[in-house]
Amino acid sequence: MAKEITTRQEDYSRWYTDIVNKAELAENSAVRGCMVIKPYGYAIWEFMQEALDKMFKATGHVNAYFPLFIPKSFFSKEASHVEGFAKECAVVTHYRLMKNPEGPGIVVDPEAKLEEELIVRPTSETIIWDTYRNWIKSYRDLPILCNQWANVVRWEMRTRLFLRTAEFLWQEGHTAHATREEAMAEAEKMLGVYADFAEKYMAVPVIRGIKSANERFAGAVETFCIEAMMQDGKALQAGTSHFLGQNFAKAFDVKFLNKENKLEYVWATSWGVSTRLMGALIMAHSDDNGLVLPPKVAPIEVVIVPIYKTDDQQQNVLDYCAKMKERLEAKGLRVKFDDRDTQKPGFKFAEWEMKGVPVRLAAGPRDVENGTVEIARRDTLTKQVISEQEMEEHIIGLLDDIQNSLYNRALEYRKANTHRVDTWDEFKNVVENGGFAYAHWDGTTETELAIKEATKATLRCIPLDDDLEDGTDPFSGKPSKRRVIFAKAY
RNA sequence: CGGGAUGUAGCGCAGCCCGGUAGCGCGCUUCGUUCGGGACGAAGAGGCCGCAAGUUCGAAUCUUGUCAUCCCGACCA
């Protein structure tokens, strides 16, 4: 069996690729930059979707669906928005193919040229705001709180499975409000939802923050984000929530009559998380043996592997395991009974470990005789033998414990690799070795860009729940009122 | 788009300099022995050597062209 995974130490990025491949999460497709999400990977995404969708609905949002194609002219309506996306758009120019008149194969029918090109959405603000114009006339029509689950296309030069692909799946919330305050509160609320989701479900601790003007979303007035630290000390932007001001309302002429009977532009937000979260999940917890999943997003929480030699043993052991499965399912657990007779136990152990199943049960003739079962946890790779009578209780406690300890482990790691730095040498050192540099910043884009040029580190965010503190920017020497986070990022 | 490289079995690669019936590892199939941490042995199946033209009695190998992909830069959720 040559199923070795490259170690993190050896080559972190090959380790990541190995995990994605060997845990059968996704693979590259025949289309450059686009991935095939395989059933096991998609199942994890479905769990994330389901949890997020519930949270959106609990905060008053509803789902809708807008077109994949956006007329080119829509894009030019919001100036900074076009600029931000123009360089990475897929464009539809024709609508028909024909037999090649000069040889074999098929060619684009030159007669079938579209009058106006269509852009495959890189994000949906424009088409949605064009639609909202018709929906909004009065303050009574507000707020509109819509979300859509969709795929989008951004023609990236260099792609990596889940982290950056030309096509990706995501959700995008687009809300319309009567006042600035309400829209701002919405943007902040959704950032909170994302942070809760990342921490409670994915067990990934995040820093809530604001993006600098330079890193802000194209068309936004303020961009809020959650930033996570991966095991190589690099930052991963896990979600963003934008306060769009009246930019899109003005661009698409969306006005409403307020209570004073005055025409006013609508206030907007948009917010999204994507399949990139899968990348965060993988990189935050996994080890050199494969994927490690937090129970709350694991498609399989418990896998049962039977062990036997003879036919007699096989029957007894399979019956024994089937009963355990039933009992666990009765408790609402997601259980896989791996009764394949085509693979051996050792192979199965390795395979489920690779796929990150949190808890594994193994039972053989010895256990049938003694009324016991071997229980192994994926996060610590430890195992023990327990009495099958106390199995349910034990496993439920264990799953909880795994969820918590994964979060704590990730949090400890982030703390250990976040450093307050006050001098330029310290700054370079931290950023170079992988980690968050918690440093003063003079607030200028000029300094931010110069630091990026010098170290490849970007300003990840200005942390939200942070006290102000006077200091000096280690790069420019100018005064600063607060610390921000610089790091290399994905 | 600048710099570098690679296209040979499902995957990973050797063969190419020095032309002569296409090879290895993994995976796959069958049989036997195994089965409490990725089993072992034996026998099999699987190829337009990226594509096209040229040189030659003969091309995976030499020449020219072409297409595609990957890596390093610039750009990015």
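Letters A, B, ... mirror the listed sequences (proteins, then strands); counts begin at 1.
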Given atom CG of A/L281 and atom P of B/A77, what is their separation to the nearest angstrom? 22 Å

So what does A/F217 touch, heavy atoms closer than 4.0 Å: a base, only the sugar-phosphate, or nothing? nothing

NA contact type, A/R360, heavy-atom cut-off 4.0 Å: base, sugar-phosphate, or nothing? base

Across the strands shown, which category fits A/K211 at heavy-atom distances under 4.0 angstrom: base, sugar-phosphate, nothing? nothing

Would you mind classifying the nucleic acid contact of A/Q237 as base, sugar-phosphate or nothing, using non-hydrogen atoms under 4.0 angstrom? sugar-phosphate

Taking a pair to mean Watson-Crick or G-U wobble geometry with both distances below 3.5 Å, B/U34 pairs with none

Rounded distance (Å) that lies between atom P of B/C1 and atom CD of A/E88: 18 Å

Can you tell me, in whole Å, how much space there is between the C1' of B/C76 and that of B/G54? 45 Å

Write down the distance between CG (A/L361) and P (B/G37), rounded to a whole number of angstrom. 16 Å

Between B/A9 and B/A14, how many Å separate the two P atoms, rounded to a whole number? 12 Å

Counting the atoms with a prime plus P, OP1 and OP2 as sugar-phosphate, which does A/T310 contact under 4.0 Å by heavy atoms, base, sugar-phosphate, or nothing? nothing

Between the side chains of A/R414 and A/E227, is the shortest nitrogen-to-carboxylate-oxygen separation below 4.0 Å, so that they form an ion pair? no

Got a donor-acceptor contact below 3.5 angstrom from the A/Q171 side chain to the A/V273 backbone? yes

Here the distance between atom P of B/A39 and atom CZ of A/F349, to the nearest Å, is 11 Å

Are more than 12 heavy atoms from other residues, nucleotides or ligands located less than 6.0 Å from atom CD of A/E46? yes

Mark yes or no for a side-chain to base donor-acceptor pair under 3.5 Å between A/R164 and B/C76, with no hydrogen or angle criteria applied. yes

Atom pair distance, as rounded to whole Å: NZ in A/K348 and P in B/G38: 14 Å

Using whole Å, report how far CZ of A/R216 lies from P of B/C76. 16 Å

Output yes when at least one side-chain N/O atom of A/K344 is less than 4.0 Å from OP1 or OP2 of B/A39, else no. yes

